[in-house]
Amino acid sequence: MEFFLNRYRNLTVLLVAIVAQLVLLAYQVKSNGEVRLIRVWAVSAVTPLARVIEAGRSGTVHFIRDYFVLLHVREENQRLKADLDRIKMDKQYLQAELSTADRAKSLAIFQQQSPSKTIAAHVIGNTTGVGAKVVIVDRGTGSGVQKGMAVITPDGIVGKVTAAYPTASFVLLITDPSFAAGVISQKNHVHGTLKGQGYSTVIVDYVQNEQKVEPGEQFFTSGDDRIFPKGLPVGEATVVREGKSYKEIFVTPSGLQNGLEEVLIVTEGVHMAIPEARPTSQPVHLQEPPPAEPADSSAKDSSTTDAAPAQAPAQPSTQPGPLTTDADRLVDQYRKIGEAEKHVYGQSAGGAPNFNINLNPRPADAAPGPQGAPASPTVQSPGPPAAQNPASPAWRSPAAKNPAGKRP
Amino acid sequence: MSDLGANFRADFSESPLLKKGVSKYHIAAIIGIPLAAILFQVYVPRFLERLSYLELPLLVTVYFSLMRRSPVVGVLFGAGIGLAQDSLSHNPLGMFGIVKTLVGYFAASMSQRFDVQNAGVRLVLGFFFCFFHQFFYWVLGRALLGEALDLDLETTLLVAVLNALVAVPLFHILDRLKVTD
């Protein structure tokens, strides 16, 4: 044995070293754990040096810039940039809240809730390895950072914490090939999985070819991965094409566009709604509605009675302007039904009104009005406000315009 | 076993048999240069991303293995630098360690057959070991970790050439740190 070891000494040492490292690897893969002690030693040895170098570099650069070139401009720029970042975060939060609730409700929620709790961190280095997309930040477990926390900038998501040590943490960037996160498109609400590719663009995978995603569409975090809170911006789809079984969607990450020096680590995430997409179609010009004729003029025209002018101000039109959305039209329809049924929403007893009522019956289908009903058009149509108002007597009794019940 | 221990000691004390062509370095250089190479890889690509393809820890492993001319020392150098590099990556410990252990062993073995002071030989060895390092890392990643890593042959060859071009002047600078008797 001794002869063998002496003769093949070099090979023996090589085999021992290889086998020892293979066992180490196998232990880590099998137990899905890590040899924390060695890593802590290495990180503790390297990060103070990196921090010193970074402090020296940034100190020198800042000194030259601040004192020789742009003293006040740089300070102001930093302050404005900080303000802009804060405003961006506030805007993002407000947009999300306003899109899900009405203004009063969202303001109330905004007052009660606060956005995700974050801590600021400074990127002090990259990890080793060719093409590695992992950076080291100067916040660790001592600052409350834990493995799995989301890392963002005001522009979008950046990555997630893959390891936290006392003085520093490793952040796996979204461009790393091993990164994955759940995302959702803004316009069509298509779910997918964000994956890094090792370079500046990322892809959204597992989106069926049948699902609709448009170039230029924004993607947001879906919150499915339990790492990123829902509603954080991810990036814009630059290329969308059909693949073999799934769509090929290339996304330019918005969080990495402006470099990576300061990041925010989300210690307590708050899910937010996906903001509404802006309409992509071209705006259509709508003419102003015609002004309503004043009640006085109708009073002059309807010389046969003075009841209508008196009635007009008492029953102002409840239709304030042109109906622009489906929701407006629906509300208007319910209001008309309520008036036709003499039902006051939220107050009348007996449940809901009959929503199946025909609000616009044809004259022939309508029941004939009472024989003695006031049939004069001048009386029934005192003026435009009353004509527009479905609650007016003329609207309530269409047959009055045709007392004989004949078809026109 | 006592002979085995004596042989090990001989590697480090540089017995007269092995002394021919073996270079000596100050202990600060032996610790500081690999640490500086790892720091370079951690820090510099932040500002110059293209320099992330420069594998200084590998070049340092190759250099010390070539100069010491002892496979045992090469193995220990490679394993040490590789494990340190692993500790600062998000990979399991041992990936860079195994690859650099092999690089150290083979570099030291080759140094016993070639004149490693020659710049041309250094260029070729630098290219060969860089390519070997990238290729074997890819093999290990697929075989041991089951990672679907891509091996872009053109990029790998280009990276190997660039590293070899850097290796020649770098080795020349490191030669100045030799301790002369």
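Order of the sequence lines sets the chain letters (A, B, ...), proteins ahead of strands, with each chain counted from 1.
- More than 12 heavy atoms of other residues, nucleotides or ligands lie within 6.0 Å of CZ in A/Phe250, so this atom counts as buried by the packing criterion.
- Among A/Leu22, A/Val135, A/Val23, the residue with the largest count of heavy-atom pairs under 4.5 Å with chain B is A/Leu22.
- Note that CG of B/Leu51 and CG of A/Asn126 are 11.0 Å apart. Values are rounded to the nearest 0.5 Å.
- In A/Gln78, the CD atom is crowded: over 12 heavy atoms of neighbouring residues, nucleotides or ligands sit closer than 6.0 Å.
- If you measure heavy-atom distances from A/Val123 to chain B, the contacts under 4.5 Å come from both the backbone and the side chain.
- With a 4.5 Å cut-off on non-hydrogen atoms, B/Ile98 touches chain A through its backbone and its side chain both.
- Nearest heavy-atom pair across A/Leu11 and B/Tyr105 is CD1-OH, 3.4 Å.
- Atoms CD and CG, from A/Gln28 and B/Leu144 in turn, are 11.5 Å apart once rounded to the nearest 0.5 Å.
- Here the closest non-hydrogen pair linking A/Ile53 and B/Tyr43 is CG2-CE2, 3.4 Å.
- The 12-atom threshold is exceeded at NZ of B/Lys178, counting heavy atoms of other residues, nucleotides or ligands nearer than 6.0 Å.
- The part of B/Leu145 that comes within reach of chain A is its side chain, from C-beta onward, which places non-hydrogen atoms under 4.5 angstrom from that chain.
- To the nearest 0.5 Å, atom CG of residue B/Leu93 and atom OH of residue A/Tyr27 are 11.0 Å apart.
- Shown here for B/Ala79 and A/Gln21, the closest heavy-atom pair between the two residues is CB-NE2, 3.9 Å.
- Here the CG-CG distance, from B/Asn91 to A/Leu25, works out to 9.5 Å after rounding to the nearest 0.5 Å.
- Between B/Val75 and A/Ala17, the closest heavy-atom pair is CG1-CB, 3.6 Å.
- Here the CG atom belonging to A/Leu14 is positioned 6.5 Å from the CZ atom belonging to B/Phe106, to the nearest 0.5 angstrom.
- For B/His26, the NE2 atom is loosely surrounded, since the number of other residues' heavy atoms within 6.0 Å does not exceed 12.
- With a 4.5 Å cut-off on non-hydrogen atoms, B/Leu35 touches chain A through its side chain but not through its backbone.
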